[in-house]
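Since the structure is predicted, the reported quantities are computational estimates derived from the model, not experimental observations.
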Amino acid sequence: VPAYTSYTTRTHRAAARACMSEASQFMERYYTTTANLSYEGATLYNGADPVLNCQTEGGLNTWYTLSVDTLAPKTYRLVATPIGAQATRDAACGALTLDHTGDRDRSGTGDLDQCWSR
């Protein structure tokens, strides 16, 4: 059972990383198609803003909350915050972040490369 739990935890984290990648691509498309080259107005996760299919496919929204915690004309930072059992099981990685430069991080103390590649 512990091996299966570890596998599902990594699988959910991989789905969150993939959704963040999709969100990042959306942000970049928005930036390049606006007249003033700005990320502002491209928020993904609130109200009437576009909702990406990856947020609900496979029940990702039961394991992670995806948000944009920094949004300015030339910058953004996406956050995938684990919720429920995923938060407990994946405390070493914690919340994953991805910004406009492609910089990846995590809020936990786990190895960055393992959190972003496994």
Side-chain angles (χ1 to χ4, degrees):
V1 173
Y4 178 74
T5 300
S6 176
Y7 170 77
T8 58
T9 300
R10 288 191 319 269
T11 300
H12 297 313
R13 186 181 336 120
R17 289 192 318 258
C19 193
M20 291 177 76
S21 178
E22 186 177 327
S24 178
Q25 291 171 14
F26 172 85
M27 297 295 282
E28 295 305 325
R29 279 192 308 273
Y30 183 89
Y31 181 88
T32 59
T33 59
T34 59
N36 59 352
L37 295 176
S38 175
Y39 294 113
E40 286 185 317
T43 55
L44 301 168
Y45 304 107
N46 62 14
D49 294 322
V51 175
L52 302 174
N53 289 337
C54 64
Q55 292 175 263
T56 55
E57 287 176 351
L60 180 62
N61 56 351
T62 63
W63 302 106
Y64 280 89
T65 299
L66 283 94
S67 61
V68 179
D69 80 339
T70 302
L71 184 64
K74 303 295 181 193
T75 62
Y76 68 85
R77 187 171 89 149
L78 305 170
V79 181
T81 305
I83 55 176
Q86 185 73 15
T88 303
R89 294 176 184 158
D90 204 16
C93 289
L96 302 175
T97 60
L98 177 65
D99 71 15
H100 66 286
T101 66
D103 187 36
R104 304 168 302 162
D105 206 354
R106 79 291 183 219
S107 64
T109 59
D111 180 79
L112 179 64
D113 289 332
Q114 288 184 352
C115 291
W116 274 91
S117 66
R118 288 183 57 193

Candidate pair Tyr76 and Glu28, rule side-chain contact (heavy atoms from CB on, under 4.5 Å), full reasoning
CA-CA 10 Å; Tyr76 68 85; Glu28 295 305 325; 3.2 Å; yes

Report the C-alpha separation of Asp113 and Arg104 in whole Å, then their side-chain angles, then the decisive distance to 0.1 Å, and conclude whether the side-chain contact (heavy atoms from CB on, under 4.5 Å) test is met.
CA-CA 9 Å; Asp113 289 332; Arg104 304 168 302 162; 4.2 Å; yes

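The shortest side-chain heavy-atom distance between Thr70 and Tyr39 does not fall under the 4.5 Å cut-off. Inter-residue side-chain proximity for His12 and Asp90 is flagged as unmet; no heavy-atom pair is nearer than 4.5 Å. Between Met27 and Leu71 the shortest side-chain heavy-atom distance falls below 4.5 Å.
Without hydrogens or angle criteria, Gln55 side chain to Leu60 main chain gives no donor-acceptor distance under 3.5 Å. With Ser24 contributing its side chain and Met20 its backbone, the two residues share no donor-acceptor pair below 3.5 Å. With Tyr31 contributing its side chain and Thr75 its backbone, the two residues share no donor-acceptor pair below 3.5 Å.
The shortest heavy-atom contact between Thr8 and Arg89 is OG1-NH1, 4.3 Å. When every heavy atom of Ala72 is checked against every heavy atom of Glu40, the shortest pair comes out as C-CG, 3.5 Å. In this structure, Trp63 and Ala85 approach most closely via the heavy-atom pair CZ3-CB, 4.1 Å. Nearest heavy-atom pair across Asn61 and Ile83 is O-CD1, 3.5 Å. The nearest pair of heavy atoms linking Asp105 to Leu112 is CA-CD1, 3.6 Å. Minimum heavy-atom separation, Cys115 to Arg13: O-CD, 3.1 Å.
Side-chain contact annotation: Asp69 with Ser67, donor-acceptor N/O pair under 3.5 Å absent. In the model, Arg10 has a side-chain atom that pairs as donor or acceptor with a side-chain atom of Ser6 under 3.5 Å.
Atoms CG and OG, on Leu78 and Ser21 in that order, are 10.0 Å from each other to the nearest 0.5 Å. Note that CD of Gln86 is 11.5 Å distant from OG1 of Thr65, once rounded to the nearest 0.5 Å. Expressed to the nearest 0.5 Å, how far OG1 of Thr97 lies from CH2 of Trp116 amounts to 7.0 Å. A distance of 8.0 Å separates CG in Leu98 from CG in Asp103, rounded to the nearest 0.5 Å. With rounding to the nearest 0.5 Å, the separation of OH in Tyr4 from OG1 in Thr9 is 10.0 Å.
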